[in-house]
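Working notes for the structure below.
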Protein chains: 2
Amino acid sequence: MTLDVDLASMDPAALDADDPLAGYRHRFVIPDPKLVYLDGNSLGRPPLAALERLARVAAEEWAGRLIRSWDEWLAAPLRVGDLLGTELLGAEPDEVAICDSTTVNFFRLASAALDALPDRRFIITDSANFPTDRYVLEGLARDRDRQVAWLDPDPIDGPTVADVEAALADHAGDVALVTLSHVNYRSAAIADLAAITDLAHAAGALVLWDLSHSAGALPVGLARHGVDLAVGCTYKYLNGGPGAPAWLYIRRDLQTTLRNPIQGWFGQADQFEMGQRFRPADGIAGWLTGTPGILGLAAAEEGIRLSAEAGIEAIRAKGVALTEYAIALHDAWLEPRGFTLGSPRESARRGSHVSVRRRNARELTRQLIAAGVVPDFRAPDSIRLGLSPLTTSFTDVARGLAVLADLADGPETASQASV
Amino acid sequence: MTLDVDLASMDPAALDADDPLAGYRHRFVIPDPKLVYLDGNSLGRPPLAALERLARVAAEEWAGRLIRSWDEWLAAPLRVGDLLGTELLGAEPDEVAICDSTTVNFFRLASAALDALPDRRFIITDSANFPTDRYVLEGLARDRDRQVAWLDPDPIDGPTVADVEAALADHAGDVALVTLSHVNYRSAAIADLAAITDLAHAAGALVLWDLSHSAGALPVGLARHGVDLAVGCTYKYLNGGPGAPAWLYIRRDLQTTLRNPIQGWFGQADQFEMGQRFRPADGIAGWLTGTPGILGLAAAEEGIRLSAEAGIEAIRAKGVALTEYAIALHDAWLEPRGFTLGSPRESARRGSHVSVRRRNARELTRQLIAAGVVPDFRAPDSIRLGLSPLTTSFTDVARGLAVLADLADGPETASQASV
């Protein structure tokens, strides 16, 4: 698909018919096919396999084999971590583990990075970064006597290489950690992971990427770009389930030079010998903490497996096509109704969602949901349309934006944009 | 039931017939009634209601209402926390939240306690405390320039009031935190929570109890005893599921004077306004961190609800009866075969499991499991028999110990102890 054609006038059914990933929609539980769900970037739909797996884990593994199932469960955080890391994140084997929440993992890795560079005072991040990252950093800076250097980038384009370069220069030799989201949660702007990682390294700092809006949506190339540290969730594009366990990535050589601030028994070598002193297990296993939630992990594995099967390049191609289509419809139907685009226009700079902005966006979001179109609202004025490549159809996009155009005209006005 | 009768010679079927909680066994999924499961203190059996609930959460809440289910899910950590806290732990409302793992919660509360008393150098704990607690404390002491004063108590009786008193005197005015397990994971010894809490307070220290082997097994009286801080898991006697989310308790007045070291977005007031600075929510809500795992939490709620329905006093009475019976059978059948009791004999000093010790315990445990009796082994020489009041029958206890007596005689010798 190219922008040479008038995308907005294309028949969404024809686009769906040409979609090589269209069949994946049938691998998910979709009880109400009429519902237009544009929030898979917040909570992905459940794979059929996840429901089957949950029932099996509960009835056979938990009820049936009881404690003996730990013989298999113990391997799950690293088995699923490897699947995610090698197939979807471009990590090497034994660099990713599924564990804890994104917040706890972010805390642990940021904390370990600061501990590794005790004489450097600054943490560079972005004032539009995801709240939990900002709050964790605020607490860490306070407790470790460090300071956050807040970037204040363009709200749509997000932090640029030049923004980071300037901040590194302002605090030359004194930056311990550069941490950003790869895809901004509000605008979907993609930060230049490769260049920013290189800049941080050249300045002697460590880099920690939040990949919550990237994992399962676009290729990341963690190993190729020499990324130090990363975290992310599995409940968005990876369709892992509500509050599904998160993951962390630590480049191999840093797994032993950095130190896990939360030394738990699941990170212990010879865990069940219960020895007196903490002796971390080799590899990424040494970064596990407490007992992993097996029900959530089992469901997440099925979501991750589906994305791995579809292939991250194919997923990315569809994500680009869906967002290009949504932007074309925005330009045709919404812009005349007072909307502005809250996401980058260049597809290479945009993740898999599109934000559209207008006054009264909060109320419009409420009306959309009442009309069977589910996006989400992000303060102060954004309606965020999440286009999840394995489950969102072009027809969903067209129907959703047509309803939004209708609503923007007010309840009494009929729309010319209906599909 | 009293010890005046010869308990070992009583008919276990008659004891089961007299058991007011016997009916609860039918509320659990028990696919193989012949399996003698004596490890409910490690992983409790699944309530029928948990399997039904999981299926409903997946199909209706996740698949059906999708992101809109967060309207209800958001309240779950505190709703379930209140149920657990008020019905089973003796806490006041709004003092318990279900979240994260025991390890992460233990880290957070121990860390907050140390931060609150920066001029005090020592942490008192027990060298036989559960590994994850010891490892976390070892890391915290290193990172915060503190020192662990290890108690080295009797391996069966666990730390006494005198042990703690002596350690407090050794480091008078210099102890920040006293932290122990209420019920020892190996011997089941109960520490004197009330007296030790009072001692710690008199010395100006904070106290943090690990209640993993207490919650759902015996009354704790957190509020009555003025306990500062506590954590525990939900996958043992509470039957919450494998790796089910843990909980934390913070006495009301400490919720704002202590500071959460992991400031996550779920602890933020007006979470979805995503404001620039961290402003903790009021009450225990300010101690949440990342996105809670909803599948695990839903299953855990059903387990907690069953225990609350049965009542903690009735549960404790049955726990005492089961362990007294197990000890009577140990004395009659195992002691003559070279076993010694690894748990306190006085029921008021013993939780709901019984450890029996003998050379070759690891191999005997393997043989027991092969013979359809599932306890667990704890290095170096303990077989731990977990007697979970809602699911373990007196017949289970008799059959399990009879098989063990058989095995102890070696494969060729017939037992006189068969039931």
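Each chain gets a letter, A, B and so on, in the order the sequences are listed, and its residues count up from 1.
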Which answer fits A/P292, side chain, backbone, both or neither, if we ask what part of it has an atom under 4.5 Å from a heavy atom of chain B? backbone
Smallest separation among heavy atoms of A/Q263 and B/Y135, with atom names: NE2-O, 2.9 Å
For a side chain to side chain contact (heavy atoms under 4.5 Å, CB included) check, start with the C-alpha distance between A/T291 and B/T102, then their side-chain angles and the critical distance, and finish with the verdict. CA-CA 8 Å; A/T291 311; B/T102 311; over 6 Å; no
B/V374 versus chain A, heavy atoms under 4.5 Å apart: side chain, backbone, both or neither? side chain
Among B/G275, B/P380, B/A299, residue most engaged with chain A (heavy-atom pairs, under 4.5 Å): B/G275
Locate the shortest heavy-atom distance separating B/W265 from A/P131; write the atom from each residue and the value. CB-CB, 4.5 Å
Is it the backbone or the side chain of A/R277 that comes under 4.5 Å from a heavy atom of chain B, or both, or neither? both
Is there a side-chain contact between B/W73 and A/L43, using heavy atoms and a 4.5 Å cut-off? yes
For residues A/G264 and B/T132, report the shortest heavy-atom separation together with the two atoms involved. CA-OG1, 3.3 Å
Report the distance from atom CG of A/N41 to atom CD1 of B/I67, rounding to the nearest 0.5 Å. 8.5 Å
Under a 4.5 Å heavy-atom cut-off, does chain B meet the side chain of A/S101, its backbone, both or neither? side chain
Heavy-atom closest contact (A/G243 atom, B/W70 atom, distance): N-CZ2, 4.1 Å
For the student: nearest non-hydrogen atoms of A/R68 and B/L35, plus distance: NH2-CD2, 3.6 Å
Can you tell me which portion of A/D32 sits under 4.5 Å from chain B's heavy atoms? Options are side chain, backbone, both or neither. neither
Given side chains that start at C-beta, do those of B/L295 and A/L54 come closer than 4.5 Å, heavy atoms only? yes
Between B/R134 (side chain) and A/M274 (backbone), is there a donor-acceptor pair under 3.5 Å? yes
Side-chain (A/Q276) to main-chain (B/S127) donor-acceptor, under 3.5 angstrom: yes
Pairwise side-chain contact, B/R378 with A/F272, heavy-atom cut-off 4.5 Å (strictly under): yes
Residue part contacting chain B, namely of A/R144, when any heavy atom lies under 4.5 Å: side chain
So for B/R362, is it side chain, backbone, both, or neither that comes closer than 4.5 Å to the heavy atoms of chain A? side chain
Does any backbone or side-chain atom of B/A50 lie under 4.5 Å from a heavy atom of chain A? Answer side chain, backbone, both or neither. side chain
For chain B, which of A/P242, A/G293, A/G139 has the most heavy-atom pairs under 4.5 Å? A/P242
When you compare the side chain of A/T103 with that of B/I262, does any pair of heavy atoms fall below 4.5 Å? yes
Where on A/A246 is there a heavy atom nearer than 4.5 Å to chain B: the side chain, the backbone, both, or neither? neither
Applying a strict 4.5 Å limit to non-hydrogen atoms, the region of A/R65 in contact with chain B is neither
From A/I30 CD1 over to B/L66 CG, what is the distance, rounded to the nearest 0.5 angstrom? 9.0 Å
Among A/W150, A/Y235, A/F107, which residue has the highest count of heavy-atom pairs closer than 4.5 Å to chain B? A/F107
Among A/E273, A/E60, A/R279, A/Q268, which residue forms the greatest number of heavy-atom pairs with chain B at distances under 4.5 Å? A/Q268
Using a cut-off of under 4.5 Å for heavy-atom pairs, which of B/N105, B/I294, B/D100 has the most such pairs with chain A? B/I294
Between A/F130, A/F106, A/F28, the one whose heavy-atom pairs under 4.5 Å with chain B are most numerous: A/F130
A/E138 (side chain) donor-acceptor with B/F278 (main chain) under 3.5 angstrom: yes
Considering all heavy atoms, the nearest A/G64-B/P31 contact: CA-CG, 3.9 Å
So for A/V29, is it side chain, backbone, both, or neither that comes closer than 4.5 Å to the heavy atoms of chain B? both
Of A/G44, A/A379, A/S69, A/G241, the largest count of non-hydrogen pairs under 4.5 angstrom with chain B goes to A/G241
